[in-house]
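Everything on this sheet refers to the single structure shown next.
Quick note: numbers below take in every heavy atom, side chains included, and nothing from hydrogens, waters or symmetry partners. The first residue of the sequence shown is numbered 1, and numbering continues consecutively from there.
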Amino acid sequence: MRVRTALTASAALAVLAVPSPAPAAPAGPRVDVSVAGREPSCGDRAAAVFPLRTRITGGPAAYEPGAAPRTWYVELTNTTRQPCRNIHPVIVLTDASGRLVPAGVRMGFSTAAGGDPRPVRVEHTDRREVVGVLDDDTDRAFAGFTVPPSGTVRVPVHLAFAAGAHPDEMTAAAAVVQRRGDDGDWVGTSAPYRFTLTGPRPSRTASPEELAGTGRRAAPLLLPLAAAAATCLALGAGAVVLARRRPRSRPR
């Protein structure tokens with residue numbers, strides 16, 4: 001799977017600093033990734049094997065448009081004996097119909113479990129993918145995630161869809177990116193996480209059988225009430241009769 005690296009400067013920061021062949025001169029302008037203190041680095045740059053393994057865990061099987069965000073995790077595992085720093089995972093969403101647009105996606109992430117969500121800006125690619133980089137442009141102190149040697153970091157991801165999103169079969173993947181000239185190759189990609197974007201939940205109307213059953217259940221409760229009301233009427237009528245029969249006192 002390939003995608004043009006002109007995703008924004010934030011997307012370019014997801015490029016992992018591992019060796020790649022010398023590229024030919026690009027035909028168009030390139031995004032500058034040399035932001036001081038934020039360049040990704042991981043393990044031995046001369047290593048032939050990609051140093052990070054990526055996995056998605058804990059994702060629900062279905063989402064409802066307009067519902068609250070659901071949380072799942074991107075696990076980053078460092079296979080080297082050196083720390084990996086300034087890592088910005090990339091989330092790639094695809095749908096079966098190709099109708100998904102960035103306006104229909106609500107994505108965020110937290111730097112720790114239970115932490116405040118940070119919004120993720122998502123963009124469209126030329127392959128009808130919706131892509132978001134787990135970065136926070138508003139917090140220059142956040143330079144990405146650090147994965148310790150032979151360790152694993154779990155990144156909480158919060159995902160929701162706008163009320164008008166089209167129901168579809170969806171796939172999510174997480175990756176870090178290796179720069180190759182004017183293009184980016186997805187590397188360290190997770191296994192696909194598949195889920196369903198359902199339609200809006202219809203309002204439910206009780207069937208005639210349910211209404212009839214409600215009436216049948218209510219009938220036994222009405223019988224004691226009717227009997228009590230009849231008793232009260234009888235007592236009231238008796239009191240009126242006694243009052244009429246009481247002899248009046250004669251004046252002296």
Side-chain angles (χ1 to χ4, degrees), residues 1-16 23 26-33 35 38 40 54 56 59-60 62-74 87-110 117-139 142 144 155-200:
M1 178 169 57
R2 294 172 66 85
V3 60
R4 305 292 295 180
T5 50
L7 292 178
T8 65
S10 297
L13 289 171
V15 176
L16 188 61
R30 294 177 55 179
V31 178
D32 182 12
V33 298
V35 180
R38 293 170 66 90
T54 310
I56 293 177
Y63 293 77
E64 181 181 346
R70 307 292 297 274
T71 299
W72 37 273
Y73 298 88
V74 172
I87 305 303
H88 298 76
V90 179
I91 307 300
V92 183
L93 298 176
T94 56
D95 60 330
S97 67
R99 298 175 62 179
L100 184 65
V101 295
V105 178
R106 306 286 184 268
M107 188 185 299
F109 75 100
S110 300
R118 299 169 181 244
V120 172
R121 183 171 63 249
V122 295
E123 301 182 19
H124 225 171
T125 74
D126 54 5
R127 293 297 184 91
R128 293 186 177 180
E129 300 158 331
V130 174
V131 178
V133 181
L134 304 190
D135 192 13
D136 189 348
D137 295 338
T138 66
D139 184 4
F142 175 70
V155 181
V157 177
H158 317 291
L159 181 63
F161 295 89
H166 181 71
D168 213 331
E169 296 301 317
M170 312 282 296
T171 301
V176 286
V177 181
Q178 174 178 292
R179 184 68 175 268
R180 287 185 183 275
D182 204 29
D183 286 337
D185 288 343
W186 295 119
V187 289
T189 307
S190 70
Y193 158 42
R194 295 183 174 88
F195 58 91
T196 299
L197 182 59
T198 64

Using the rule given for side-chain contact (heavy atoms from CB on, under 4.5 Å), can you reason through F142 versus D135, listing the C-alpha separation, both sets of side-chain angles and the distance that settles it, and then say yes or no? CA-CA 8 Å; F142 175 70; D135 192 13; 3.9 Å; yes
Closest approach of [X] to [Y] (non-hydrogen atoms, all atoms of both residues):
{"X": "V74", "Y": "P89", "value": "CG1-CB, 4.4 Å"}
{"X": "A103", "Y": "A162", "value": "O-CB, 3.9 Å"}
{"X": "A172", "Y": "L93", "value": "CB-CD2, 3.5 Å"}
{"X": "A160", "Y": "A67", "value": "CB-O, 3.8 Å"}
{"X": "G104", "Y": "A165", "value": "O-CB, 4.3 Å"}
{"X": "A174", "Y": "I56", "value": "N-CD1, 3.8 Å"}

Output the distance between atom [atom1] ([X]) and atom [atom2] ([Y]), rounded to the nearest 0.5 Å.
{"X": "E64", "Y": "T196", "atom1": "CD", "atom2": "OG1", "answer": "13.0 Å"}
{"X": "L134", "Y": "R118", "atom1": "CG", "atom2": "CZ", "answer": "11.0 Å"}
{"X": "L197", "Y": "M170", "atom1": "CG", "atom2": "CE", "answer": "6.0 Å"}

List the steps, then state whether side-chain contact (heavy atoms from CB on, under 4.5 Å) holds for V130 with M107. CA-CA 11 Å; V130 174; M107 188 185 299; 5.9 Å; no
Test side chain to side chain contact (heavy atoms under 4.5 Å, CB included) applied to [X] - qualifying residues, sequence neighbours left out:
{"X": "P60", "result": "Y63, R70, W72, Y193"}
{"X": "T171", "result": "T94, P192, R194"}
{"X": "S97", "result": "D95, R99, H166, D168"}

Between V122 and I91, is the side-chain contact (heavy atoms from CB on, under 4.5 Å) condition met? List the steps. CA-CA 9 Å; V122 295; I91 307 300; over 6 Å; no
Applying side chain to side chain donor-acceptor pair (under 3.5 Å) to S110 and not counting sequence neighbours gives H158
Donor-acceptor pair, H124 side chain versus L100 backbone, under 3.5 Å? yes
Non-neighbouring partners of Y73 that pass ring-ring contact (aromatic ring centres under 6.0 Å, His included), sequence neighbours left out: none
Can you list everything that forms a salt bridge (charged side-chain N to carboxylate O under 4.0 Å, His left out) with R106? Sequence neighbours excluded, please. none
